[in-house]
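Shown next, in structure tokens, is the structure this report addresses.
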Amino acid sequence: MAPTRAEPFSDSSALIDFVINQGNGVKGLSEMGLKSLPRQYIQPLEERMCMINIKAQESIPIIDMSNPDDPDVEKLICEAASKWGFFQIINHDVPIEVLENVKDATYKFFGLSAEVKNKYSKEHSSSNNVRFGTSFTPQAEKALEWKDYLSLFYVSEEEASALWPLACREQVLDYMRKSEVVIKQLLKMLMKGLNVNEIDETKESLLMGSMRTNLNYYPKCPNPELTVGVGRHSDVSTLTILLQDEIGGLFVRENNCDNWIHVPPIKGSLVINVGDALQIMSNGKYKSVEHRVVANGYNNRISVPIFVNPRPSDMIGPLPELIKDGEKPIYKQVLYSDYVKHFFRKGHDGKKTIEFAEM
């Protein structure tokens with residue numbers, strides 16, 4: 001029986017076929033004008049935003065990067081990475097037109113037909129480095145997340161030119177190129193905060209040897225209070241550089257407590273967060289923090305994160321400079337690709353992934 005607005009997909013296999021196999025994603029569900037949320041997206045009560053404490057008056061740090069060589073800027077960034085794990089930067093070196101172009105390109109890609117987008121799905125993509133998908137890890141999740149995405153792992157300009165979708169290829173490449181200056185500035189400051197005063201080629205490769213950009217699309221949702229855009233998790237990156245649109249919906253857990261703080265959209269800003277890899281390499285000095293995205297009943301939302309990572313073949317652990325004077329390592333050396341596989345083989349579960357690297 002065909003799904004109706006009032007009775008959406010009582011049969012899970014029909015929903016999986018429509019959303020995943022046919023490439024319609026949750027965008028396709030949203031555009032059906034459903035009156036109620038399919039049960040496969042209804043989150044357990046404890047994962048819903050209505051069950052959490054939102055600290056409305058609190059804000060993550062907002063840091064002016066117009067003078068990145070200022071020691072006070074370095075101090076603010078290192079403090080933010082230690083205390084909050086999240087901060088926003090303004091007056092940085094990525095031109096606003098580059099940010100606007102990549103947002104437009106995101107809408108352009110998700111405006112393509114399901115048939116075209118589906119060419120980039122796990123089943124049909126010509127490369128694992130280009131992946132259109134929905135939710136997080138559908139086969140491992142108890143409840144699905146209300147999000148579609150295109151994931152682009154950067155190998156080379158040649159591969160990107162050959163394999164990335166034309167609708168967004170040049171805009172994403174430009175966003176990545178222009179962001180590299182800011183990424184290097186941030187990593188230099190963060191390393192100095194650990195008394196690692198030189199980033200040689202080996203260290204740079206360890207910190208930012210691979211990059212992945214996601215285009216995330218969160219369509220309007222019936223019953224948004226029952227589901228999530230993205231569940232509680234921390235990133236597995238060294239750093240994440242996030243461009244969000246003007247809609248809002250990203251929440252960050254206040255360190256070591258149950259309060260959640262909204263990250264307000266600021267035009268032209270970038271949201272920076274510490275990932276697990278940097279928490280491990282800093283031996284816990286810098287904190288990767290849980291965050292989540294709410295679903296929205298009124299507006300479509302997009303975001304474009306760049307995940308700055310070690311290479312898959314790198315061993316990550318506390319940097320030698322930090323433990324040479326007898327500081328006890330709290331993390332062991334792990335192969336980065338093993339760490340990432342562990343993250344992706346389960347649903348989002350807060351900060352549990354880091355346990356994989358604990359001594």
Side-chain angles (χ1 to χ4, degrees), residues 46-49 51-63 75-89 136 145 147 183 186-187 189-191 193-194 207 212 214 216 228-244 248-266 269-294 303-310 316 318 330-331 336 339-340 342-344 346-358:
E46 65 274 12
E47 297 301 335
R48 299 181 204 169
M49 284 300 285
M51 299 302 292
I52 70 166
N53 303 317
I54 296 172
K55 213 164 172 184
Q57 70 279 18
E58 196 71 80
S59 170
I60 64 169
I62 298 165
I63 300 172
K75 184 167 179 269
L76 288 169
I77 281 170
C78 293
E79 282 177 356
S82 303
K83 182 187 174 187
W84 293 92
F86 262 84
F87 52 95
Q88 293 206 64
I89 57 172
F136 175 62
E145 300 178 350
K147 180 189 85 167
I183 292 163
L186 292 169
L187 288 173
M189 293 182 217
L190 290 165
M191 288 300 104
L194 300 173
L207 293 167
R212 178 186 297 278
N214 274 20
N216 294 328
V228 295
V230 178
R232 296 178 302 112
H233 71 289
S234 60
D235 294 344
V236 293
S237 55
T238 303
L239 285 179
T240 302
I241 317 298
L242 176 76
L243 170 63
Q244 58 172 348
L250 171 65
F251 285 81
V252 174
R253 188 193 280 276
E254 190 176 9
N255 233 344
N256 302 319
C257 71
D258 283 332
N259 294 323
W260 290 80
I261 296 159
H262 184 234
V263 180
I266 300 172
S269 75
L270 291 167
V271 180
I272 312 297
N273 65 279
V274 172
D276 290 357
L278 185 56
Q279 177 170 326
I280 291 164
M281 288 189 268
S282 70
N283 205 32
K285 302 280 193 314
Y286 298 137
K287 307 285 193 300
S288 72
V289 173
E290 271 182 78
H291 49 287
R292 67 205 302 173
V293 175
V294 298
S303 68
V304 189
I306 299 175
F307 300 103
V308 180
N309 308 310
I316 61 167
I330 56 178
Y331 302 106
Y336 186 62
Y339 191 85
V340 173
H342 178 64
F343 176 67
F344 280 107
K346 55 193 175 48
H348 282 138
D349 56 2
K351 282 279 291 176
K352 287 187 179 173
T353 309
I354 201 90
E355 295 169 8
F356 186 80
E358 289 174 350

Quiz item: Going through the checks in order, is the side chain to side chain contact (heavy atoms under 4.5 Å, CB included) test met by R232 and R253?
Solution: CA-CA 9 Å; R232 296 178 302 112; R253 188 193 280 276; 4.0 Å; yes

Quiz item: side chain to side chain contact (heavy atoms under 4.5 Å, CB included) between I62 and F87: does it pass, once the steps are laid out?
Solution: CA-CA 6 Å; I62 298 165; F87 52 95; over 6 Å; no

Quiz item: What's the verdict on side chain to side chain contact (heavy atoms under 4.5 Å, CB included) for L250 and H262, showing C-alpha distance, side-chain angles and the deciding distance?
Solution: CA-CA 6 Å; L250 171 65; H262 184 234; 5.5 Å; no

Self-check item: Check against side chain to side chain contact (heavy atoms under 4.5 Å, CB included), Q88 and I266
Solution: CA-CA 9 Å; Q88 293 206 64; I266 300 172; 3.7 Å; yes

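Taking CG from L190 and CG from L207, the interatomic distance works out to 9.5 Å, rounded to the nearest 0.5 Å. In this structure, the separation between NZ on K285 and OG on S82 is 9.0 Å, given to the nearest 0.5 Å. The distance from atom CZ of F251 to atom CZ of R292, rounded to the nearest 0.5 Å, is 9.0 Å. How far CE of M189 is from CG of L76: 10.0 Å, rounded to the nearest 0.5 Å.
Shown here are the side chain to side chain contact (heavy atoms under 4.5 Å, CB included) partners of P305, two or more places apart in sequence or in another chain: N214, N216, T240, L242, S303, F307. Remark: D276 engages S234, S288, Y339 in a side-chain hydrogen bond (donor to acceptor under 3.5 Å, both in side chains) (not counting sequence neighbours). I330 is linked by a side chain to side chain contact (heavy atoms under 4.5 Å, CB included) to N283, counting only residues two or more places apart in sequence or in another chain.
Looking only at side-chain heavy atoms (C-beta outward), Q279 and I354 come within less than 4.5 Å of each other. Under the 4.5 Å side-chain criterion, counting only non-hydrogen atoms from C-beta, N273 is not in contact with L239. The side-chain heavy atoms of E254 and W260, taken from C-beta on, include no pair separated by under 4.5 Å. The side-chain heavy atoms of M281 and P310, taken from C-beta on, include a pair separated by under 4.5 Å. Looking at V293 and V228, their side chains never come closer than 4.5 Å, going by heavy atoms from C-beta outward.
Exactly one of L186, L278, V274 qualifies for a side chain to side chain contact (heavy atoms under 4.5 Å, CB included) with T238. That residue is L278.
At distances below 3.5 Å, at least one donor-acceptor pair connects side-chain atoms of Q244 with backbone N or O atoms of V263.
G85 approaches V289 most closely through the heavy-atom pair CA-CG2, 3.8 Å. Considering all non-hydrogen atoms of both residues, G284 and Y331 come closest at N-CE1, 3.8 Å.
Between H291 and F86, the gap from one ring centroid to the other is short of 6.0 Å.
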